[in-house]
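Given the structure is predicted, the values throughout are model-derived calculations rather than measurements. Below, chain A is the first sequence line, B the second, and so on; all start at residue 1.
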2 protein chains.
Amino acid sequence: MRAGPAEPDRRQLILDAALAIADERGLGAVTMRAVAARVGVTAMALYPYVRSKEDLLDGLVGRLLTELSLPDPAKPWPDRLREIGRSARQTARRHPAVMPLLFARPAVTPDAVRVVDAIYLALLDAGVPDEEVARVERLVSTLVLGYAISESSGRFAAGDPREQRALLGGVDLPAHRRLAAKLEAAPSWEAEFETALDDLERLIENIADPGRPGATAADDTTGCAARDPRG
Amino acid sequence: MRAGPAEPDRRQLILDAALAIADERGLGAVTMRAVAARVGVTAMALYPYVRSKEDLLDGLVGRLLTELSLPDPAKPWPDRLREIGRSARQTARRHPAVMPLLFARPAVTPDAVRVVDAIYLALLDAGVPDEEVARVERLVSTLVLGYAISESSGRFAAGDPREQRALLGGVDLPAHRRLAAKLEAAPSWEAEFETALDDLERLIENIADPGRPGATAADDTTGCAARDPRG
DNA sequence: ACCTGAACACCGTTCAAGT
DNA sequence: ACCTGAACACCGTTCAAGT
């Protein structure tokens with residue numbers, strides 16, 4: 001429906017090829033010529049189905065979004081949010097090269113708003129006030145996507161210890177020094193992701209039902225806001 | 001020190017030029033030839049100072065990280081965290097094209113660990129247990145960076161309303177329907193960022209001092225306990 | 001010691017031509 | 001209606017040659 005005469009399936013076929021190349025050899029290898037070759041055709045034969053390379057990449061983002069499985073709305077809201085989060089993480093692990101693109105384009109395509117709506121629903125059921133739902137959705141999706149992308153594209157990766165020591169020769173890092181022992185342990189990203197989901201859930205409960213453990217500065221009637229260290 | 005004979009300043013000069021081009025015309029315009037032209041030299045004259053284009057982009061990331069101003073460690077930890085967050089957001093607004101690169105490379109360069117250490121320090125002062133500091137730092141940096149990048153590279157941007165309606169013709173979006181009125185308002189990203197920092201602060205307090213359900217006003221009459229490390 | 005110019009193997013995209 | 005082949009204006013990078 002997006003473009004192309006005759007078969008609209010042809011676009012999907014092209015996107016399949018592009019995704020496979022991205023998974024196997026990285027985003028840099030996704031070339032009009034390479035995709036075309038994989039489909040068994042010349043580069044220019046793609047253009048009826050794909051307006052430009054940018055459009056091809058947008059299509060790839062769409063593919064990732066449709067891969068995201070949405071939870072049954074009958075389930076409790078915390079389960080639904082966790083399912084969406086886990087699904088995003090798995091998608092990131094399957095397609096680490098493409099995932100970062102999700103972070104750069106407006107989340108306004110049908111495939112994207114479908115996910116946003118599912119999160120809105122969960123937040124409404126959690127009791128988040130109507131006027132806060134949109135911002136909390138941005139908080140949730142930013143954290144979940146950010147975590148999934150960071151993990152799968154290597155931001156969390158530790159440097160080679162030897163190289164690391166050489167690199168940081170003269171730098172003074174008091175907290176690193178103090179935490180040295182703890183920083184050696186290689187964490188389980190899966191467990192850490194689950195813990196982040198726990199934190200997120202608690203945060204949402206707090207927004208839905210404020211005036212509980214630790215209130216915001218905004219509704220802090222005691223007048224001892226955190227930023228004001230009474231002398 | 002990284003490379004290049006004679007003057008090491010020459011590398012900085014090259015990175016200045018590259019950053020200026022990225023700011024003015026986007027990352028796609030950052031070309032060895034374009035950077036060289038701006039420096040007043042041929043493309044191949046860059047190679048003694050910049051191992052490859054990848055190295056050039058790494059250098060750009062380094063520039064962004066050194067632009068991040070680190071807070072005075074004597075200040076209260078919530079202030080320090082907020083300052084780092086705001087500084088990251090401002091950097092993102094100055095250099096939206098380069099910012100996404102921060103999310104794709106391991107945070108192990110000297111420029112990066114310098115920031116990580118500042119966050120570690122703040123978290124330690126907040127009372128986060130030693131074995132949790134690293135994961136909470138990943139939580140904080142992911143959310144702050146994710147927010148800054150999402151805002152500045154347009155992920156949060158709303159679609160053109162007319163086009164939007166056409167695009168979403170047949171899709172059923174129950175939550176969007178219910179929230180229609182609230183979703184029209186264009187939010188202030190600055191205010192939303194500050195609110196996210198509030199949420200983050202509360203989350204950290206909760207991690208530092210957990211297991212106190214309904215203990216708000218009960219055993220903490222000042223409401224300030226978690227925020228006051230001297231307590 | 002530093003820079004240039006030509007060259008190589010690529011890009012995305014246009015356009016006329018084929019069937 | 002769909003695809004091809006040649007061509008254009010670019011890329012990053014290598015290498016011999018200049019001064």
Side-chain angles (χ1 to χ4, degrees), chain A residues 1-63 97-98 100-101 104-105 153, chain B residues 1-63 97-98 100-101 104-105 153:
Chain A
M1 196 138 286
R2 184 61 167 278
E7 324 154 72
D9 294 343
R10 195 131 182 96
R11 182 177 159 95
Q12 286 310 314
L13 214 98
I14 291 167
L15 293 179
D16 284 347
L19 187 57
I21 294 171
D23 292 345
E24 291 165 13
R25 296 186 282 135
L27 205 60
V30 178
T31 275
M32 297 303 273
R33 282 167 167 93
V35 174
R38 189 155 189 139
V39 175
V41 100
T42 38
M44 315 81 209
L46 301 179
Y47 281 85
Y49 310 95
V50 144
R51 208 179 335 287
S52 64
K53 188 174 181 188
E54 242 222 275
D55 185 36
L56 178 86
L57 296 179
D58 281 343
L60 242 35
V61 169
R63 283 291 308 252
V98 184
L101 295 182
R105 353 213 129 219
S153 64
Chain B
M1 197 141 282
R2 184 64 165 278
E7 323 154 72
D9 294 342
R10 193 129 184 97
R11 182 178 160 95
Q12 286 310 315
L13 214 97
I14 290 166
L15 294 179
D16 284 347
L19 188 57
I21 293 172
D23 292 344
E24 291 165 13
R25 297 187 282 135
L27 205 61
V30 178
T31 276
M32 297 302 275
R33 283 167 167 94
V35 173
R38 191 157 187 136
V39 174
V41 100
T42 39
M44 315 81 208
L46 302 180
Y47 281 85
Y49 310 95
V50 145
R51 208 179 335 290
S52 63
K53 188 174 180 187
E54 242 221 275
D55 185 37
L56 178 84
L57 295 179
D58 281 344
L60 242 35
V61 169
R63 282 291 306 253
V98 184
L101 297 182
R105 354 212 127 218
S153 65

Passes side-chain contact (heavy atoms from CB on, under 4.5 Å), Leu56(A) versus Val30(A)? Steps please.
CA-CA 10 Å; Leu56(A) 178 86; Val30(A) 178; 3.8 Å; yes
Could you name each residue pair satisfying salt bridge (Lys or Arg N to Asp or Glu O under 4.0 Å) that touches residues 25-50 of chain A, not counting sequence neighbours?
Glu24(A)-Arg38(A)
Stems for DNA chain D (at least 3 consecutive Watson-Crick or G-U pairs, under 3.5 Å) come to C:4-8 with D:12-16, C:12-16 with D:4-8
Closest non-hydrogen atoms of Ala34(B) and Ala29(B), given as atom of the first, atom of the second and distance, are CB-O, 3.6 Å
Can you find a pair of side-chain heavy atoms, one from Leu27(B) and one from Leu101(B), that are under 4.5 Å apart?
yes
Of all heavy-atom pairs linking Ala97(B) and Gly26(B), the shortest is CB-CA, 4.1 Å
Pairing residues for Asp23(B) by the side-chain contact (heavy atoms from CB on, under 4.5 Å) criterion, not counting sequence neighbours
Leu19(B), His95(B)
Rounded to whole Å, please give me the gap between CZ in Arg10(A) and P in dA1(D).
17 Å
Where is the tightest heavy-atom contact between Arg11(A) and Tyr49(A), given as atom of each residue plus distance?
NH1-O, 3.1 Å
Please check this pair: side chain of Ser52(A) against backbone of Asp55(A), looking for a donor-acceptor N/O pair closer than 3.5 Å.
yes
Applying side-chain contact (heavy atoms from CB on, under 4.5 Å) to Asp58(A) and Arg63(A), what does each step give before you reach the verdict?
CA-CA 9 Å; Asp58(A) 281 343; Arg63(A) 283 291 308 252; over 6 Å; no
Side chain to side chain, Met44(A) and Met32(A), heavy atoms closer than 4.5 Å:
no
Please report the closest heavy-atom contact between Leu60(B) and Leu15(B), naming both atoms and the distance.
CD1-O, 3.7 Å
Under 3.5 Å between N/O atoms: give me all the protein pairs with nucleotides 10-12 of chain C, atom names plus distance.
| residue | atom | partner | partner atom | Å |
| --- | --- | --- | --- | --- |
| dG12(C) | OP1 | Met32(A) | N | 3.3 |
| dG12(C) | OP1 | Lys53(A) | NZ | 3.2 |
| dG12(C) | OP2 | Met32(A) | N | 3.1 |
| dG12(C) | N7 | Arg33(A) | NH1 | 2.5 |
| dG12(C) | O6 | Arg33(A) | NH2 | 3.2 |

Going by number, which of residues 35-46 of chain A have a non-hydrogen atom under 4.0 Å from DNA chain D?
Val41(A), Thr42(A), Met44(A), Ala45(A)
Search all heavy atoms of Val98(A) against all heavy atoms of Ala22(A) and return the closest pair with its distance.
CG2-CB, 3.7 Å
Contacting residues from residues 18-25 of chain A, given that a heavy atom lies under 4.0 angstrom of DNA chain D:
none
